[in-house]
Structures are given as C-alpha cells and as structure tokens.
Amino acid sequence: MQGPSHLVISWFVADASGLDKPRDRRIVAWAGFSPDFDVVAYVAAIVWYGFDKDAAFENVWKVIHHRYTHNLAWVLAAGVVAWALARGDSRSRFKVAMLAMLACALHNFLDLVGGGPTWPIYPLAPVSDFKWHAEWSWTIGDWPNIVILVACLVGTLAFGKWAGYSPVECFGDRADRWTIEVLQRGSVASSGRMRLAIWAAVLVAVVAILAPLGFNPFR
Amino acid sequence: MIQRVLRAIVWASAAAGIFMAFAWPFVVSADPDSALLRTLARATVVVLLLALSAAAVARARHGPPRS
C-alpha cells in the first residue's frame, strides 16, 4: 500500500481514537508510516547508482524493503519512541504509545493485503526469518490501492475544509493552518516562505515519484 | 455515543487485521492463500476504512478539538 495511504489512515485512526492534541496525532500517524522508513535507503540507492533504478532495486531495495521494519520488534520500538515523544501525564502518554503501536502493526496488515505478493512481512523478525505474504495481495498499481490512495487524499482535503484541521498537520501546524486557510477561504493572506517550502516539497515529491519510473534527466 | 461506537469498530477491525498479520500463520493456518483468509482480510480492510470514514464525518461535525 502506498506510503501516503499509510500516513493518512494512521492519522484518522488517531483522530477517531479521540486524540485531541496535534502532537499526539502526529506521533501516531508517523508511527503508522514508520515501517516504510526503509524507502530512504531506496532513494539513496537511486542517487548512488546514478539514477539507475534497476541497479538500485536489485542491490538495495529488493534486499532490504520490508526486511527490517515490517515486524513485531519494530512495532514495539515504535511504541517506545512514541512514549518518549509524547507529553503530558502517564495515562495520556500510554494511550499515545499504544495507538502508535496499533497504527504500526496495522501497517503490516495493510501491506499483507495491499503490499503485493512479492513483498512479504516478517512478523517475528529478528527472532525468525518467517515470511508472511499472499498471492492474492494487491500490488501497488492494482486499482484497490489506487482507490484507497485517492480516497485518502480527497478525504484529507474534505476533512480539512469541514473540520478546520487535517492530516497535513503531520508536516507541522503552520502547514496545516496554511492548507485550511486555502481550503476554507480560497486564498492565503501572506505566506511567501511557506509557499516556497510547499513548492520545494512538490518538486521533491515529483522527483521521488518519477525517479523509480526511470526518468533520468542526466542520461 | 456514535463516536464511541465507531471508535470501537475501528479498534476491533484493526485488532482483527493485526491478528491476521502476526498470529494467523501460527494459530490458524500457515497457508496464506486460503480463501477464508483472503475474504476475511479484504472484508476487514473495507470495514476499517468505512468506520474511519464515518468517524471522520462525525468528528468533522464537531469542529476542531481542543488542543
């Protein structure tokens, strides 16, 4: 399942669970996304191999994706990190940590269903190399994954417009306020630096999406 | 009340999914291609996403929570 889908679904799990502080929702959302942190290695490999995505895939991505982050140990680690990052009394920090672990574990289930048959999860790693994957699992390009991704993105914007806050707060309170201002008022009063940051993020996202597809302006 | 019910459905479907990811091969069956697992897993995803959507609508009606 696409990374943005994991992030948005995890955020809505946090919101539905009654977390009223943006920081807490942010922690749970990123905990839910965190098993896909290994994509950083793929991006680095693409750069390392001169935008040769085949070499990056064979030498790095194929070896490490899911291998070290899609397991119970990572779920437990996510809980510890969430506890450390959360603020407030012990009870609220415990709730955040538990929801972070739930979101992280849920990521593994969603990848079992929508990660594709060639990308197993390793539920008992590092204790065991047992792989768990199914031939009926949707690949990234299958229509259910695309529908879920589009629904997450549309849901983010619709929720933001009606509720006054949104999953964009995963990228900071200012980014969320800017987004809500655009959604609810159709314009932004003044945001020169924020606008520059948004365009830079869009550019990075475009490169990150096109690079694995073979687009290489340097060839 | 409705938000509590939806929250319970979200948690229950998440728990069911987590069971299928981490416990099913050791407790139920090590065959990942069984029709039962495929049906239950996909149904759980649908229930989870519908419950999240309904919960989001319910939360949106009440506006921004206190932070």
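The figures that follow rest on heavy atoms only: side chains count, while hydrogens, waters and symmetry mates do not. Every chain is numbered from 1 and lettered A, B, ... according to where its sequence line falls, protein lines coming before strand lines.
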> Look up atom CD in A:Glu169 and atom OG1 in A:Thr156, then write down how far apart they are to the nearest 0.5 Å.
10.5 Å
> Under a 4.5 Å heavy-atom cut-off, does chain A meet the side chain of B:Phe19, its backbone, both or neither?
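Neither part, no heavy atoms under 4.5 Å.
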> Tell me, side chain or backbone of B:Ala30 under 4.5 Å from chain A's heavy atoms, or both, or neither?
backbone
> With a 4.5 angstrom heavy-atom cut-off, could you sort out which part of B:Leu48 is near chain A: side chain, backbone, both or neither?
side chain
> I'd like to know which of A:Leu124, A:Leu110, A:Ile148, A:Asp24 tops the heavy-atom pair count under 4.5 Å against chain B.
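Maximum pair count with chain B is reached by A:Leu124.
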> Angle between ring planes, A:Phe130 versus B:Phe26, binned at 30° and 60°: parallel, tilted or perpendicular?
tilted
> Among B:Ala16, B:Ala54, B:Ala58, B:Ala41, who wins on heavy-atom pairs under 4.5 Å with chain A?
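Greatest number of close heavy-atom pairs with chain A: B:Ala41.
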> Using side chain to side chain contact (heavy atoms under 4.5 Å, CB included), reason through A:Asp36 and A:Asp111 one step at a time and then give a plain yes or no.
CA-CA 10 Å; A:Asp36 280 348; A:Asp111 273 354; 4.2 Å; yes
> Identify which part of A:Leu112 has an atom lying under 4.5 Å from any heavy atom of chain B, answering side chain, backbone, both or neither.
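Side chain of A:Leu112 only, per the 4.5 Å heavy-atom cut-off to chain B.
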> If the plane angle is over 60° it's perpendicular, under 30° parallel, otherwise tilted; pick one for A:His6 and A:His107.
parallel
> Non-hydrogen atoms of chain B under 4.5 Å away: do they reach the side chain of A:His133, the backbone, both or neither?
backbone
> Is chain B contacted by the side chain of A:Ile9, its backbone, both, or neither, given a heavy-atom distance below 4.5 Å?
both
> Between A:Ile121 and chain B, which part of the residue has a heavy atom less than 4.5 Å away: side chain, backbone, both or neither?
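Only the side chain of A:Ile121 comes within 4.5 Å of chain B.
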> Dump the intermediate steps for ring-ring contact (aromatic ring centres under 6.0 Å, His included) on A:Tyr165 and A:Trp11, then the final yes or no.
CA-CA 12 Å; A:Tyr165 65 109; A:Trp11 187 90; 5.8 Å; yes
> Is A:Trp136 close to chain B through its backbone or its side chain, or both, or neither, when contacts mean heavy atoms under 4.5 Å?
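Both the backbone and the side chain of A:Trp136 come within 4.5 Å of chain B.
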> Select one option (side chain, backbone, both, neither) describing which atoms of B:Ala21 are under 4.5 Å from chain A's heavy atoms.
both
> Given that the side chain runs from C-beta out, which part of A:Val113 has a heavy atom under 4.5 Å from chain B: side chain, backbone, both or neither?
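Side chain only.
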> So that I can tick it off, tell me whether A:Asp173 and A:Arg23 are bridged by a salt bridge, with the cut-off set at under 4.0 angstrom between side-chain N and carboxylate O.
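No, this pair does not count.
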> Please determine, by modelled atom types, if A:Thr179 and A:Asp176 share a side-chain donor-acceptor pair under 3.5 angstrom.
no
> Is B:Leu49 in contact with chain A via its backbone, its side chain, both, or neither, using a 4.5 Å heavy-atom distance?
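Only the side chain of B:Leu49 comes within 4.5 Å of chain A.
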> Under 4.5 Å heavy-atom distance to chain A, tell me which part of B:Ser34 shows up: side chain, backbone, both or neither.
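The backbone, not the side chain.
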> Do B:Arg7 and A:Asp15 meet the salt-bridge criterion of a basic N to acidic O distance under 4.0 Å?
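No salt bridge links A:Asp15 with B:Arg7.
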> To the nearest 0.5 Å, tell me how far A:Lys21 NZ sits from A:Ser92 OG.
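A:Lys21 atom NZ to A:Ser92 atom OG measures 5.0 Å (nearest 0.5 Å).
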